[in-house]
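Structure record follows, encoded as structure tokens.
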Amino acid sequence: MRQHIESGAHAAPGAVPPWDPVVRLTHWSLAAAVLANALLTKPGATIHVWIGWAAMAVLALRLLWGVIGPREARFASFLPDPRGALSHLVDLLRGRPQDHASHNPAGALMAYALWACLAVVIGTGLVMTDGKSPLTISEENAAVAAGDWSVLVAKDRADDHDDEGAGEIAEEVHEVVANLMLILAVIHVAGVAVESRALGRNLVRGMVAGRRR
Ligand code: HEM
Ligand code: HEM
């Protein structure tokens with residue numbers, strides 16, 4: 001079946017492969033982590049940092065999978081192609097989008113944009129927390145709760161030496177890019193709905209159950 005699938009090519013009828021379990025698992029875990037941290041957890045709380053670190057591991061797995069995974073999961077099958085994305089959108093507006101073996105070029109750009117936003121949000125999160133693991137943060141919080149203020153004093157001193165501006169910029173970028181990512185996610189879901197309608201097949205089912213037809 002794989003031999004029908006060409007890089008970025010239109011899918012031959014019946015030859016559309018399922019999304020493999022790693023793509024499906026990483027997709028839904030990243031979506032859940034982003035939504036939880038953007039909408040549910042207290043910003044900066046230990047659980048927020050735990051979820052952020054988990055998202056970092058999952059993102060790393062998906063990026064590795066983009067190099068070593070099956071063909072339709074590999075970046076080579078959905079390289080960034082802005083012209084292709086534009087013509088796909090024009091075709092979609094006309095109600096005649098072409099089917100693709102991997103992500104369509106517009107969906108591919110969106111996937112890269114979402115991953116890039118997530119990487120920036122994680123990176124700025126690490127800057128704000130001085131790269132401390134959530135385990136260290138919860139131990140420090142427990143120490144403070146037990147009356148040991150030396151942790152806070154040490155942190156205060158470190159902040160004094162720190163380039164304060166960098167922390168503030170990281171915080172600002174973290175917030176702005178997290179919100180941008182949410183806006184992109186809404187457009188992404190709308191795109192999935194419109195594309196599913198135009199193609200006459202439910203793309204969400206493919207991401208849930210692995211069946212794309
Ligand atoms: C914050 C939330 C979300 C993020 C960050 C996100 C991100 C992504 C990314 C990065 C991809 C590419 C997948 C890969 O190659 O590994 C993708 C694909 C996909 N997403 Fe999401 N997503 C989110 C929410 C959703 C939701 C709520 C739905 C369903 C309603 C959905 C449905 C899909 C589908 C169906 C695809 C595959 C499209 C195709 O067949 O080409 N996503 N998403
Ligand atoms: C999964 C992706 C993440 C999302 C969507 C996210 C989202 C957010 C949002 C919306 C805020 C509130 C910003 C504000 O109003 O100032 C916030 C704050 C914060 N986030 Fe994240 N975050 C994520 C990952 C992380 C990670 C990985 C870390 C640390 C390693 C982190 C650490 C923090 C901290 C310390 C704050 C508090 C900033 C302050 O002092 O106001 N976040 N995050």
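Side chains included, hydrogens not; waters and symmetry mates left out as well; all remaining heavy atoms used.
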Could you tell me which non-hydrogen atom of [X] sits nearest to which non-hydrogen atom of [Y], and how far apart they are?
X	Y	value
Pro82	Leu109	CA-CD1, 4.1 Å
Ala73	Asp20	CB-OD2, 3.6 Å
Gly125	His174	N-ND1, 3.5 Å

Side-chain heavy atoms of [X] within contact of [Y], under 4.5 Å:
X	Y	value
Glu139	Lys132	no
Val23	Glu72	no
Leu93	Leu89	no
Tyr112	Cys117	no

Under 3.5 Å, side chain of [X] to main-chain N/O of [Y], donor-acceptor pair present?
X	Y	answer
Ser196	Asn202	no
Arg74	Gly69	yes
Asp148	Ser150	yes

Pair Leu126-Met56, side chain to side chain contact (heavy atoms under 4.5 Å, CB included): steps then yes or no | CA-CA 10 Å; Leu126 289 174; Met56 176 164 57; 3.9 Å; yes
Walk me through it: do Leu182 and Leu35 pass the test side chain to side chain contact (heavy atoms under 4.5 Å, CB included)?
-> CA-CA 8 Å; Leu182 274 190; Leu35 294 177; 3.9 Å; yes
Indicate the ring-plane relationship of Phe78 and His103, choosing parallel, tilted or perpendicular according to the 30° and 60° boundaries.
->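 Rings of Phe78 and His103: perpendicular, over 60°.
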Taking the inter-plane angle between the rings of Trp115 and Phe75 on a 0 to 90° scale, is it parallel (under 30°), tilted (30 to 60°) or perpendicular (over 60°)?
->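 Trp115 vs Phe75 ring planes: perpendicular.
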Only one of Val22, Leu25, Leu30 passes side-chain contact (heavy atoms from CB on, under 4.5 Å) with Leu61; say which it is.
->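 Considering Val22, Leu25, Leu30, a side-chain contact (heavy atoms from CB on, under 4.5 Å) with Leu61 is found only for Val22.
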Pair Glu171-Thr124, side chain to side chain contact (heavy atoms under 4.5 Å, CB included): steps then yes or no | CA-CA 7 Å; Glu171 196 178 318; Thr124 49; over 6 Å; no
Linking I/L/V/M/F/W/Y whenever their side-chain heavy atoms sit closer than 4.5 Å, directly or via other members, would [X] and [Y] fall into one cluster?
X	Y	value
Trp28	Val189	no
Leu203	Val186	no
Val194	Met207	no

Let me see the working for Gln98 and Asn104 under side chain to side chain contact (heavy atoms under 4.5 Å, CB included), right down to the final yes or no.
-> CA-CA 8 Å; Gln98 286 165 346; Asn104 71 62; over 6 Å; no
List for me each residue that meets side chain to side chain contact (heavy atoms under 4.5 Å, CB included) alongside Thr46, sequence neighbours excluded, and say none if there are none.
->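 Thr46 satisfies side chain to side chain contact (heavy atoms under 4.5 Å, CB included) with Trp50, Ile137, Ser138, Asn141 only.
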